[in-house]
Amino acid sequence: MSAIEVHMFPCLSDNYGFLVHDPSSGETAAIDTPDADKIMAEAEAKGWTITQIWNTHWHPDHAGGNQKIKDATGCMIIGPAGEEEKIPGLDRAVCQDSLVNLGTHTARVLDVPGHTSGHIAFYMEDQATAFVGDTLFALGCGRLFEGTPAQMWESLSQIRALPDNTTIYCAHEYTAANARFALTIEPENPELQAYADRVTELRSRDEPTVPTTLRRELEANPFLRADDPALQTAMGHPGDAVETFAEIRRRKDNF
Ligand code: ZN
Ligand code: FE
């Protein structure tokens, strides 16, 4: 089975667009639609035809380009069942464990509410790749616009349970600011320090910090580390991962 090709490019001010291409079938999925014109131009430059859109959640910087791309390509739009009314042009609503095919490849849907109430992620096990939208960021996580800390911790726990070597494609380039914040939470974490240095270097050359890997995030991302006893104690909630997560999220909101 041939590997998929992921083409990533900046969109809007700090989003990433992703085109996932299966060479054997010729199918191409756009993961979210921050900027229809940009995404279609990138597809054309690659010689790819967009056959599907996979939406992670309803926010306009993720689904705002749906209709324009669908009108131009006739592609099929797949998105979260929990946000069915809010996803323009939706053809197929999916939820936990729904399977979505791209040629011979399959993505499994994970329900990861918290940033929005119906947010989903797409996990391609045979490619060790996950598209997580605004749920998990490199050294960060999405703001809780529609969900509770307990929900988001549960969602992140589902992502945490994927294999360590999973490549994580998150939807925004927020990593430099996330690193500055993370260092206030775990200043002595050597993996975080090394990660932050790498981020500074990449961003100084205007290079992306996305994708990341789950292993790297487990070592350094404070939002994935709320079950760490030392961190729980430092946040004032020994033995309580949800309250520790909630406290870190509160601090980030006010950072
Ligand atoms: Zn969002
Ligand atoms: Fe977003």
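First listed ligand is number 1; within each ligand, the first listed atom is number 1. FYI, side chains are in, hydrogens and waters are out, and symmetry mates aren't considered; it's all heavy atoms of this structure. Along the sequence shown, residues are numbered consecutively beginning with 1.
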What is the name of the N/O/S atom in [X] that sits closest to the Fe ion (ligand 2)?
X	answer
Asp61	OD2
His62	NE2
Asp134	OD2

Requested in this report: Check the side chains of Thr175 and Glu173 for a donor-acceptor pair under 3.5 angstrom, ignoring hydrogens and angles.
Outcome: yes

Query - ring pair (Phe, Tyr, Trp, His ring centres under 6.0 Å) evaluation trace for Phe137 with His172 - result: CA-CA 7 Å; Phe137 293 124; His172 289 270; 5.7 Å; yes

Report summary line: Between Asp134 atom OD2 and His59 atom ND1, the angle centred on the Zn ion (ligand 1) rounds (to 10°) to 170°

How about [X]: does its [atom1] atom have over 12 heavy atoms from other parts shown lying under 6.0 Å from it?
X	atom1	value
Glu191	CD	yes
Lys68	NZ	no
Glu44	CD	no

Query raised in the report: With a cut-off of 2.8 Å, does any N, O or S atom of His172 fall short of it relative to the Fe ion (ligand 2)?
Result: yes

Query raised in the report: Is the Fe ion (ligand 2) less than 2.8 Å from an N/O/S atom of His57, whether that atom is in the backbone or a side chain?
Result: no

Please find out if the Zn ion (ligand 1) and some N, O or S atom of [X] are separated by less than 2.8 Å.
X	result
His115	yes
Asp61	no
His62	no

Query raised in the report: Given the rule in the ring pair (Phe, Tyr, Trp, His ring centres under 6.0 Å) test, do Phe122 and Phe131 qualify, once you have shown the distances and angles that lead to the verdict?
Result: CA-CA 5 Å; Phe122 295 89; Phe131 296 93; 7.8 Å; no

Query - Lys/Arg-Asp/Glu bridge criterion (N-O < 4.0 Å) met for Glu83, Lys86 - result: no

